[in-house]
Amino acid sequence: MTVRARERGGRPSRERILDEVMTAVAEHGLAELTMASLGRRLGMSGGHILYYFGSKDRIFLEALRWSEGRLADERRALLARRVTADRKLDQFLGLYLPLGPRDPRWTLWIELWARTPADEALREPQDELDAGWQDDLAALLERGVRQGRFAPHDTAAAAAQLLALLDGLSTRVVLGLRGADRESALGHARDAARSLVPRA
């Protein structure tokens with residue numbers, strides 16, 4: 001749902017701008033997202049948007065950070081739930097994977113990955129977002145080991161391997177490749193989790 005909060009002076013809030021970016025990407029993809037079209041959605045000029053964010057890449061990065069911030073809240077809530085480690089791991093997989101081919105968060109990830117080799121300034125923020133997922137997954141696995149649900153193993157390595165596989169599955173879903181949909185990706189992710197995370 002689009003956030004309609006506005007700052008003083010009638011300008012759209014930062015949150016509304018980023019929410020509108022995500023909505024536009026979900027509706028039309030990145031190809032049709034221009035500063036002019038985004039400005040029309042927000043009732044302001046494209047130049048005004050660039051004034052606040054500096055560049056189109058920076059807008060994409062900030063929209064991704066905003067979206068990932070909301071998911072980080074969901075991850076923390078997931079880790080705090082009183083359910084088995086097996087169940088938490090399954091829910092973690094579902095949280096990570098895209099909702100479908102038009103998932104705006106994953107569309108932005110893929111776009112920024114492609115732009116990073118030409119702009120090193122994009123790499124560090126992406127690394128920070130990745131580290132949040134990996135640290136939380138490793139913590140989930142470590143807790144499962146302590147609880148006796150998982151056998152002792154290198155939880156950091158398992159988390160890194162599982163997330164790399166999830167990235168590949170997610171990319172296939174978002175690109176709409178043949179046979180790649182959320183349900184099949186989730187099935188493959190569950191198979192991989194069973195292989196990489198030994199049960200006690």
Side-chain angles (χ1 to χ4, degrees), residues 18 22 25-26 60-117 120 122-175 177 179-200:
L18 298 177
M22 300 300 284
V25 171
F60 290 163
L61 178 60
E62 292 305 314
L64 181 62
R65 276 177 159 162
W66 178 69
S67 175
E68 288 286 347
R70 295 192 297 179
L71 281 178
D73 291 340
E74 291 188 49
R75 286 201 315 271
R76 283 189 286 272
L78 168 61
L79 292 173
R81 286 182 197 144
R82 301 187 66 167
V83 297
T84 66
D86 308 74
R87 181 71 177 142
K88 283 184 185 180
L89 178 55
D90 192 69
Q91 292 173 351
F92 187 100
L93 300 177
L95 190 61
Y96 194 89
L97 290 168
L99 299 176
R102 288 192 174 271
D103 187 295
R105 176 178 67 101
W106 271 101
T107 300
L108 287 175
W109 266 117
I110 293 169
E111 182 70 18
L112 289 168
W113 283 338
R115 293 173 186 235
T116 297
E120 282 294 315
L122 294 175
R123 185 179 305 280
E124 184 176 347
Q126 291 177 69
D127 286 345
E128 290 174 3
L129 295 175
D130 275 334
W133 283 100
Q134 182 156 336
D135 292 347
D136 284 350
L137 179 53
L140 188 161
L141 299 179
E142 288 165 10
R143 189 170 304 161
V145 171
R146 290 196 303 270
Q147 294 172 346
R149 305 292 298 192
F150 303 142
H153 64 287
D154 185 339
T155 55
Q161 292 165 2
L162 187 52
L163 290 178
L165 182 134
L166 290 173
D167 285 344
L169 291 171
S170 297
T171 301
R172 291 179 60 81
V173 171
V174 173
L175 294 179
L177 299 184
D181 55 55
R182 178 177 168 83
E183 287 310 308
S184 64
L186 189 54
H188 292 315
R190 287 167 173 160
D191 289 343
R194 283 190 289 271
S195 175
L196 292 170
V197 181
R199 267 46 180 187

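Sequential numbering from 1 along the given sequence is applied to the chain's residues.
Inter-residue side-chain proximity for Lys88 and Arg143 is flagged as met; some heavy-atom pair is nearer than 4.5 Å. Two residues are said to be in side-chain contact when any heavy atoms from C-beta on lie closer than 4.5 Å; Leu95 and Trp133 meet this criterion. Between Leu99 and Val173 the shortest side-chain heavy-atom distance does not fall below 4.5 Å.
Applying the salt bridge (charged side-chain N to carboxylate O under 4.0 Å, His left out) test to Asp103 and every residue at least two apart in sequence or in another chain returns nothing. In this view, Phe150 satisfies the ring pair (Phe, Tyr, Trp, His ring centres under 6.0 Å) rule with no residue, not counting sequence neighbours.
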Verdict with supporting geometry, Asp130 and Trp109, side chain to side chain contact (heavy atoms under 4.5 Å, CB included):
CA-CA 11 Å; Asp130 275 334; Trp109 266 117; 3.8 Å; yes
Run Leu64 and Glu111 through side chain to side chain contact (heavy atoms under 4.5 Å, CB included) and show every step you take.
CA-CA 11 Å; Leu64 181 62; Glu111 182 70 18; over 6 Å; no
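A donor-acceptor pair under 3.5 Å links the side-chain atoms of Ser184 to the main chain of Gly179, judged by distance alone. Remark: side-chain polar atoms of Arg105 are not paired, donor with acceptor, to backbone N or O of Met22 under 3.5 angstrom. Arg149 contributes no side-chain N or O that, together with a main-chain N or O of Ala200, makes up a donor-acceptor pair within less than 3.5 Å. Formation of a donor-acceptor pair under 3.5 Å by the Arg199 side chain with backbone atoms of Val197 is found in this model. In this structure, the side chain of Thr171 engages the main chain of Asp167 through a donor-acceptor pair within 3.5 Å. Under a 3.5 Å cut-off, the side chain of Arg182 and the backbone N or O of Leu97 do form a donor-acceptor pair.
Between Glu68 and Arg65, none of the side-chain N atoms (NZ, or NE/NH1/NH2) sits under 4.0 Å from a carboxylate O, so this pair counts as no salt bridge. Under 4.0 Å is where a charged nitrogen must lie from a carboxylate oxygen, and between Asp73 and Arg70 no such pair does.
In this structure, CZ in Arg87 is found 9.0 Å from CZ in Arg81, a value given to the nearest 0.5 Å.
Closest non-hydrogen pair, Leu108 versus Ala63, comes out as CD1-CB, 3.9 Å. Nearest approach of Tyr96 to Trp106, heavy atoms of both residues: O-NE1, 3.0 Å. Of all the heavy atoms in Leu112 and Leu61, the pair that sits closest is CD1-CA, 3.8 Å. For Leu89 against Ala193, the heavy-atom pair with the smallest separation is CD2-CB, 4.0 Å. For the residue pair Leu163 and Gln134, the shortest heavy atom distance occurs at CD1-CA, 3.4 Å. The two atoms that bring Ala189 and Leu166 nearest to each other are CB-CD2, 3.5 Å, heavy atoms only.
Annotation: Glu120, atom CD; neighbour count of heavy atoms from other residues, nucleotides and ligands within 6.0 Å is above 12. For Arg115, the CZ atom sits in a packed shell: over 12 heavy atoms of surrounding residues, nucleotides or ligands are nearer than 6.0 Å.
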